[in-house]
Amino acid sequence: MPPSLPPALDAALAALLGPDSWLTGEQMRRAHAEDDSRLSAMPDAVALPRDREQVAAIVRACRAHRVPVVARGAGTATTGAAVPFAGGVVVSFARMDRIVEIRPGDRCAVVEPGVLNGDLQQALQPHGLFWPPDPSSADRCTIGGNLACNAGGPRAVKYGATRDNVLGLVAVTGEGGIIRCGGPWTKDATGYDLTHLLVGSEGTLALVVEATLKLAPRPKAQAGLRAFYRDAAAAAAAVARLMAQPQVPAMLEFMDASAIALLRRNGSDVPDAGAMLLVEADGDDDTLLPALQALADAAEGDGLVALDVAADGSARDRLWAARRALSPALRTIAPGKINEDVVVPVSRIPDLVAGVEALSAEASLPIVVFGHAGNGNLHVNIMYRPDDASETARAQAALPRLFALVLSLGGTLSGEHGIGVAKRDWMERAFDAPTLAAMRAIKAALDPDGILNPGKVLPPL
């Protein structure tokens with residue numbers, strides 16, 4: 001037993017969970033000490049509950065001893081949201097991984113938080129359904145983690161992020177009580193909307209132990225187009241035209257000039273241009289091609305350099321090859337990367353790109369911008385060499401300037417990665433004092449002793 005864990009708590013949870021589910025050895029604690037942010041802090045113990053009653057009992061026991069509780073999925077978060085900086089007990093949902101029920105008639109599925117996103121998609125295929133959130137880590141991230149940070153992905157432009165695809169939750173509050181909100185229905189005007197309050201709260205308000213997810217019919221066909229523009233302003237104008245179409249693009253991705261230049265240096269077959277849009281339509285065989293033609297017409301306009309249309313699967317795959325090659329290509333610039341998922345109004349994308357270009361020149365560091373243009377959620381990648389102290393310092397110094405730029409453009413700090421600790425101290429710039437006070441009041445109501453994922457999302461008073 002670690003010396004900082006109260007003996008009575010250790011004994012109680014060891015008896016509750018058994019030796020295979022109450023882990024206090026250094027190796028297992030270290031395995032649950034970090035997430036993809038590469039930040040790390042050792043928990044005092046790791047609990048692997050098998051059902052909601054065990055989760056509630058863990059929280060009640062920890063509350064009695066004022067011991068922190070940090071929920072954990074697969075550890076794919078990039079903001080330090082699952083790192084136990086205050087020690088305490090990490091609650092891993094690895095063993096709560098059941099797909100409880102698939103209800104095709106109600107277009108919903110009931111799942112436990114440890115289910116992998118990719119596994120759920122596979123289970124839904126025979127029913128002709130899918131769950132829309134598609135983060136890049138879909139094969140290894142959990143539904144609970146998607147719920148915690150309101151994960152998105154390229155499909156969010158048409159189908160919405162996680163919050164838009166959840167119907168109900170069962171969760172354990174910081175008092176150890178089990179609450180139920182929402183359910184297998186799509187229309188609800190009954191009481192406060194706790195379901196969507198909990199989504200994106202990063203385990204600071206409650207621990208989700210079951211979710212009822214909203215499903216969508218799997219499209220029968222997809223097609224795409226790739227458009228190159230003179231500059232970011234021309235691309236942003238095209239985004240506005242594309243989003244005005246009756247057929248909302250299933251995906252609408254943006255790459256800036258630095259991303260295009262990187263692809264060209266790494267052998268991708270793309271022309272020299274100032275910006276690129278990747279657009280995808282989905283639907284059935286009868287409606288897809290007319291929809292694609294309407295999107296191609298909307299992509300036409302001032303500043304267009306080249307336009308490629310892919311009406312079949314193999315051609316579409318070739319168009320998207322450049323997007324898939326981008327993240328691996330970043331490592332050819334430098335091994336270190338700070339990837340921030342900021343959001344600005346679509347009309348301000350050119351201003352964001354111009355500001356980032358200026359920041360790149362002033363910091364003498366490559367910065368590559370790409371992401372989800374249809375909702376203004378762009379990934380800004382600050383590249384540096386971690387073994388170079390000067391580059392590391394300049395990269396860290398560029399980060400607050402990026403956040404300041406985003407807020408000055410009427411944007412927000414995160415579209416799909418969440419806040420964790422990486423952006424926590426900027427919450428006071430993003431929200432005024434009364435708004436933060438309301439958030440703290442909600443936190444106090446659901447977690448009166450502040451034991452759930454302490455130190456995340458809200459800055460300390």
Side-chain angles (χ1 to χ4, degrees), residues 130 132 134 152-160 216-264 268-326 344-350 352-353 369-379:
F130 75 109
D134 59 334
R155 284 197 296 245
V157 65
K158 178 175 182 178
Y159 295 99
R218 185 175 296 277
K220 295 181 180 178
Q222 298 88 30
L225 61 90
R226 184 174 67 177
F228 296 88
Y229 295 91
R230 177 185 59 233
D231 51 34
V239 170
R241 296 193 299 271
L242 288 159
M243 292 302 294
Q245 297 300 306
Q247 169 77 31
V248 178
M251 301 182 191
L252 179 47
E253 298 288 287
F254 168 88
M255 294 186 195
D256 73 350
S258 61
I260 295 170
L262 175 61
L263 290 173
R264 287 170 57 83
S268 292
D269 182 21
V270 295
D272 189 12
M276 176 170 72
L277 296 179
L278 283 168
V279 189
E280 182 159 299
D282 64 14
D284 58 38
D285 295 331
D286 294 329
T287 62
L288 182 63
L289 290 182
L292 183 64
Q293 184 59 56
L295 292 173
D297 292 343
E300 296 272 2
D302 180 55
L304 181 70
V305 173
L307 179 67
D308 303 317
V309 177
D312 62 55
S314 60
R316 171 177 161 266
D317 288 343
R318 288 194 295 273
L319 289 191
W320 283 90
R323 176 64 177 86
R324 289 192 295 269
L326 187 54
V344 295
V346 170
S347 63
R348 305 308 298 270
I349 288 177
L352 174 64
V353 172
V369 180
F370 61 90
H372 318 312
N375 40 35
N377 178 201
L378 299 184
H379 295 267

Practice problem: Could you tell me whether the side chain of Phe130 reaches within less than 4.5 Å of the side chain of Pro219, counting heavy atoms only? | Solution: yes
Quiz prompt | Minimum side-chain heavy-atom gap Met251-His372 below 4.5 Å | solution = no
Quiz item: Is it true that Asp308 and Arg226 make a salt bridge, defined as a side-chain N closer than 4.0 Å to a carboxylate O?
Solution: yes
Exercise. Using the side chain to side chain contact (heavy atoms under 4.5 Å, CB included) rule, take Val346 and Asn375 through it: C-alpha gap first, then chi angles, then the decisive distance, then the call.
Key: CA-CA 7 Å; Val346 170; Asn375 40 35; 6.0 Å; no
Practice problem: Could you tell me the separation between the CG atom of Leu263 and the CG atom of Asp269, rounded to the nearest 0.5 Å? | Solution: 11.0 Å
Quiz item: What are the two closest heavy atoms between Ala221 and Asp285, and how far apart are they?
Solution: CB-OD1, 3.7 Å
Practice problem: Given side chain to side chain contact (heavy atoms under 4.5 Å, CB included), test Leu292 with Gln222 step by step and report yes or no. | Solution: CA-CA 9 Å; Leu292 183 64; Gln222 298 88 30; over 6 Å; no
Quiz item: Among side-chain atoms of Tyr159 and Asp282, is any donor-acceptor pair under 3.5 angstrom?
Solution: yes
Quiz prompt | Nearest non-hydrogen partners of Ala299 and Ala227, listed with the distance | solution = CB-CB, 4.4 Å
Practice problem: Check the pair Met255, Leu326 against side chain to side chain contact (heavy atoms under 4.5 Å, CB included), reporting the backbone distance first and the verdict last. | Solution: CA-CA 9 Å; Met255 294 186 195; Leu326 187 54; 3.9 Å; yes
Quiz item: For the side chain of Arg155 and the backbone of Pro132, is there at least one donor-acceptor N/O pair under 3.5 Å apart?
Solution: yes
Quiz item: What's the spacing between Glu253 CD and Leu319 CG if we round to 0.5 Å?
Solution: 13.5 Å
Quiz item: Between Glu280 and Trp320, do the side chains contain an N or O donor and an N or O acceptor separated by less than 3.5 Å?
Solution: yes
Practice problem: Scan for side-chain hydrogen bond (donor to acceptor under 3.5 Å, both in side chains) pairs involving residues 238-251, sequence neighbours excluded, and state none if there are none. | Solution: none
Practice problem: For a side-chain contact (heavy atoms from CB on, under 4.5 Å) with Phe228, tell me which candidate from Val270, Leu307, Asp272 qualifies. | Solution: Val270
Quiz item: Considering only heavy atoms from C-beta outward, does the side chain of Asp134 approach that of Pro154 to under 4.5 Å?
Solution: yes
Quiz item: Which atoms form the tightest heavy-atom contact between Ile260 and Ala275, and what is the distance?
Solution: CD1-C, 3.5 Å
Quiz item: Is Asp302 salt-bridged to Arg230, going by a charged N under 4.0 Å from an acidic O?
Solution: yes
Practice problem: Taking all non-hydrogen atoms of both residues into account, name the closest pair between Gly283 and Leu288 and its distance. | Solution: N-CD1, 4.1 Å
Quiz prompt | Approximate separation, where rounding is to 0.5 Å, of Leu295 CG and Glu300 CD | solution = 12.5 Å
Quiz item: Between Ala373 and Ile349, which heavy-atom pair has the shortest distance, and what is it?
Solution: O-CD1, 3.9 Å
Quiz item: Which atom names give the shortest non-hydrogen contact between Ala311 and Ala223, and what distance separates them?
Solution: CA-CB, 4.0 Å
Practice problem: Name all residues meeting the side-chain hydrogen bond (donor to acceptor under 3.5 Å, both in side chains) criterion together with Asn377; count only those two or more places apart in sequence or in a different chain, and write none if there are none. | Solution: none
Quiz item: Between atom NZ of Lys158 and atom CE of Met243, what is the distance when rounded to the nearest 0.5 Å?
Solution: 11.0 Å
Quiz prompt | Under 3.5 Å: donor-acceptor pair, side chain of Asp256, backbone of Val369 | solution = yes
Practice problem: To the nearest 0.5 angstrom, please state how far the CG atom of Leu278 sits from the CZ atom of Arg323. | Solution: 8.0 Å
Quiz prompt | Leu378 vs Phe254 side-chain heavy atoms within contact, under 4.5 Å | solution = yes
